Engineer: 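The structure is given below, and queries will be raised subsequently.
Predicted model only: the values in this text are computed from it and were never measured. One-based numbering along the sequence shown.
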Amino acid sequence: GLDAIILAAAGLIRMGWDDRITEVISPEILLPAMGQGAVGIEARKNDVDNHILLADLDDEDTHYALDAERALVSQLQGGCNVPIGAFAILDDDKITLTGSVASLDGKTLYKKQLTDIKTNAISLGRKIGDELISMGGDRIMQEIKSAELLNL
């Protein structure tokens, strides 16, 4: 009953359905949500043995990318139901973060991209969040929060 649907290519490939992929949408066209493509593993806080085992699985660059993306979303006070895009790319010691926030109807979009050293990932995310807010993202976030309250 669908005319079209957007799904994660990784999931389709994993299921052996890569022949059904008709287009891969680039981040230049549509930014992904924060953390897309990263895998998280949890362990109990005091489970030292598992922390030691899992340490080798922690990819430093992925960690920096996630820190930047999370900081951006946090600065906007966004969540899973808010059209916020966050996409970090690392190149050597540099991190480039692109962030966006859109109105629910998609008619308004604010987008910003900055580069810094990767150890400044969190401050970079906050800076882009602040810039998106000053561009008008604060009004979009307020509209979304108001719409959520009306739907309660």
Side-chain angles (χ1 to χ4, degrees), residues 2 4-104 106 108-138 140-141 144-145 147-148:
L2 301 173
I5 188 168
I6 296 175
L7 299 170
L12 294 171
I13 292 167
R14 199 169 33 252
M15 293 171 57
W17 293 346
D18 44 317
D19 60 322
R20 298 181 185 195
I21 299 171
T22 59
E23 183 176 355
V24 175
I25 302 171
S26 74
E28 289 80 25
I29 295 172
L30 179 66
L31 286 178
M34 169 198 78
Q36 297 301 301
V39 175
I41 300 173
E42 291 187 40
R44 290 179 299 276
K45 186 176 183 178
N46 298 321
D47 191 340
V48 177
D49 292 336
N50 272 329
H51 282 251
I52 291 168
L53 288 171
L54 295 172
D56 288 339
L57 299 176
D58 188 14
D59 180 75
E60 181 181 58
D61 284 349
T62 301
H63 220 110
Y64 283 120
L66 285 172
D67 284 347
E69 293 175 6
R70 284 181 181 137
L72 184 155
V73 173
S74 177
Q75 201 69 11
L76 288 168
Q77 298 180 3
C80 297
N81 297 324
V82 180
I84 296 173
F87 187 61
I89 298 175
L90 281 98
D91 184 20
D92 292 323
D93 68 334
K94 299 285 186 196
I95 182 169
T96 299
L97 178 62
T98 307
S100 66
V101 60
S103 60
L104 290 177
T108 305
L109 172 71
Y110 300 108
K111 192 173 183 180
K112 185 70 179 179
Q113 182 180 75
L114 294 172
T115 299
D116 203 339
I117 57 172
K118 67 182 180 182
T119 54
N120 290 341
I122 293 172
S123 62
L124 178 64
R126 289 178 181 152
K127 183 174 183 175
I128 290 180
D130 285 341
E131 293 202 23
L132 290 171
I133 288 168
S134 70
M135 294 167 79
D138 56 341
I140 289 175
M141 297 304 296
I144 291 170
K145 288 177 185 173
E148 288 174 351

Engineer: What are the two closest heavy atoms between D130 and Q75, and how far apart are they?
Structural biologist: OD1-NE2, 2.8 Å
Engineer: Partners of R14 by salt bridge (Lys or Arg N to Asp or Glu O under 4.0 Å), sequence neighbours excluded?
Structural biologist: none
Engineer: Got a donor-acceptor contact below 3.5 angstrom from the T108 side chain to the S103 backbone?
Structural biologist: no
Engineer: Tell me, with the steps shown, if M141 and V101 meet side-chain contact (heavy atoms from CB on, under 4.5 Å).
Structural biologist: CA-CA 8 Å; M141 297 304 296; V101 60; 4.0 Å; yes
Engineer: K111 and L31: side-chain contact (heavy atoms from CB on, under 4.5 Å), yes or no, with the steps?
Structural biologist: CA-CA 10 Å; K111 192 173 183 180; L31 286 178; 4.2 Å; yes
Engineer: Please determine whether the number of non-hydrogen atoms from other residues, nucleotides or ligands lying under 6.0 Å from atom NZ of K118 exceeds 12.
Structural biologist: yes
Engineer: Indicate every side-chain donor-acceptor pair of residues 84-99 with a distance under 3.5 Å to a residue at least two apart or in another chain.
Structural biologist:
residue	atom	partner	partner atom	Å
T96	OG1	T115	OG1	2.8
T98	OG1	Q113	NE2	2.6

Engineer: Can you name the closest pair of heavy atoms from A102 and L109 and give their distance?
Structural biologist: CB-CD1, 3.9 Å
Engineer: Can you tell me if NE2 on H63 sees more than 12 non-hydrogen neighbours from other groups inside 6.0 Å?
Structural biologist: no
Engineer: Go through it in stages, so that I can follow the logic: the residues are L132 and M135, the test is side-chain contact (heavy atoms from CB on, under 4.5 Å), and I'd like the CA-CA distance, side-chain angles, deciding distance and then a yes or no.
Structural biologist: CA-CA 5 Å; L132 290 171; M135 294 167 79; 4.0 Å; yes
Engineer: How about K127 and D116: do any of their side-chain heavy atoms sit closer than 4.5 Å?
Structural biologist: no
Engineer: Assess the residue pair L76 and V73 against the criterion (side-chain contact (heavy atoms from CB on, under 4.5 Å)); give the C-alpha distance rounded to whole Å, side-chain angles, the decisive distance to 0.1 Å, and a yes or no.
Structural biologist: CA-CA 5 Å; L76 288 168; V73 173; 5.9 Å; no
Engineer: Is the count of non-hydrogen atoms from other residues, nucleotides or ligands lying under 6.0 Å from L7 atom CG greater than 12?
Structural biologist: yes
